Protein chains: 2
Amino acid sequence: MEGGGGRKLSEEEVVACCGSTKFAKEMAMASPFANLEEAVSKARDIWFNKVDVNAWLQAFSSHPQIGQSSSSSSSSSSSSHAATAAQWSKGEQSAAMATSTTSILQELSHWNACYRDKFGFIFLICASGRSSAEILAELKKRYTNRPIVEFENAAQEQMKITELRLAKLFSAEAKDLPA
Amino acid sequence: MEGGGGRKLSEEEVVACCGSTKFAKEMAMASPFANLEEAVSKARDIWFNKVDVNAWLQAFSSHPQIGQSSSSSSSSSSSSHAATAAQWSKGEQSAAMATSTTSILQELSHWNACYRDKFGFIFLICASGRSSAEILAELKKRYTNRPIVEFENAAQEQMKITELRLAKLFSAEAKDLPA
């Protein structure tokens, strides 16, 4: 990483962080990045200022529903990067899953369906470290928002998820370096 | 209209005012309306609070590009209500067309393409009574906005167009009444 002109990212690596092909293209083109901070700063600029609303919708549609395993989502898991995204998603939801009861999962499933019906995309939340009860409470609260407000909330949550995953890419890289 | 329980609207009539099928369904279900004010108030509530962002995108895609005749747009003009929408659109752009020069039309076409490329939908403006130079200036100004800001601006402009067209529906109705 050091001295080598920074970390080059491929479109496929970025798509595992955020499922918009337009975002992935722009990020890959903007790389190499000297460090994670530089990558995150560029990612925020591209996500909020450059890509259009269709790119946001494409990214949202690449997530499994909260409380569902990613294998049951419709996303193709044929590529290794899709498998990486699925694995990361599972890890991000591990706190929620560990604290779940059948009744909470049923309620989550019900409110997820209501949410999708109202807003036209699935409920997105950066689940990392949150219990399933917290997620359910947040889902019920956000359900009352106007669609355009919730659209921007979802984009903010997607950015948090993207940042966590970029950090994983960079730390995986660091581990590959000689000590 | 009076004494008859108000003005019932069909989905087809509403689609000519705003090209979202979800919006049209909700408005038709909410009708009859006692008067235009009641219809506009309901329309604003449905448009901003009820229908999702996909409905907004569908409505945006039903407009011809500003400065282009609607016959060259991709919307089907097979139904009489599509023809009504095309006719209304032409009327709304009449001030702009009357004040156009070839060079302004060329510049409009160029900036329309830039706008669509950046935002993923066409530039929408309630053109009624505006000159082509005013429209071009507004297009250039709005081009600098963040995608999410422009998405909401476009929705506001769509609502203004919807209100003008609902007024036409109600005034056409009034003309049919005995004096």
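The structure displayed is predicted, hence computed values, not measured ones. In what follows, chains carry the letters A, B, and so on, assigned in the order in which the sequence lines appear, proteins first and then strands, with residues in each chain numbered from 1.
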Q: Begin with the C-alpha distance, continue with both residues' side-chain angles, and end with the deciding distance and a verdict on side-chain contact (heavy atoms from CB on, under 4.5 Å) for B:Leu57 and A:Val53.
A: CA-CA 9 Å; B:Leu57 289 170; A:Val53 293; 4.0 Å; yes
Q: Please answer: with hydrophobic residues joined when any side-chain heavy atoms are less than 4.5 Å apart, are A:Leu169 and A:Leu164 in the same cluster?
A: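 Different hydrophobic clusters.
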**Q.** ILVMFWY network linking B:Ile161 to B:Val15, side-chain heavy atoms under 4.5 angstrom
**A.** no
**Q.** Minimum heavy-atom distance A:Pro147-B:Val51, with the two atoms named
**A.** CG-O, 3.3 Å
Q. Side chain, backbone, both or neither: which part of A:Phe119 has an atom under 4.5 Å from a heavy atom of chain B?
A. backbone
Q: Give, as side chain, backbone, both or neither, the part of B:Val149 having an atom under 4.5 angstrom from any heavy atom of chain A.
A: neither
How about the chain B/chain A donor-acceptor pairs under 3.5 Å, what are they, with distances?
unit_1, atom_1, unit_2, atom_2, d
B:Asn54, ND2, A:Gly120, O, 3.4
B:Gly120, O, A:Asn54, ND2, 3.4
B:Arg146, NH2, A:Glu152, OE2, 3.2
B:Glu152, OE2, A:Arg146, NH2, 3.2

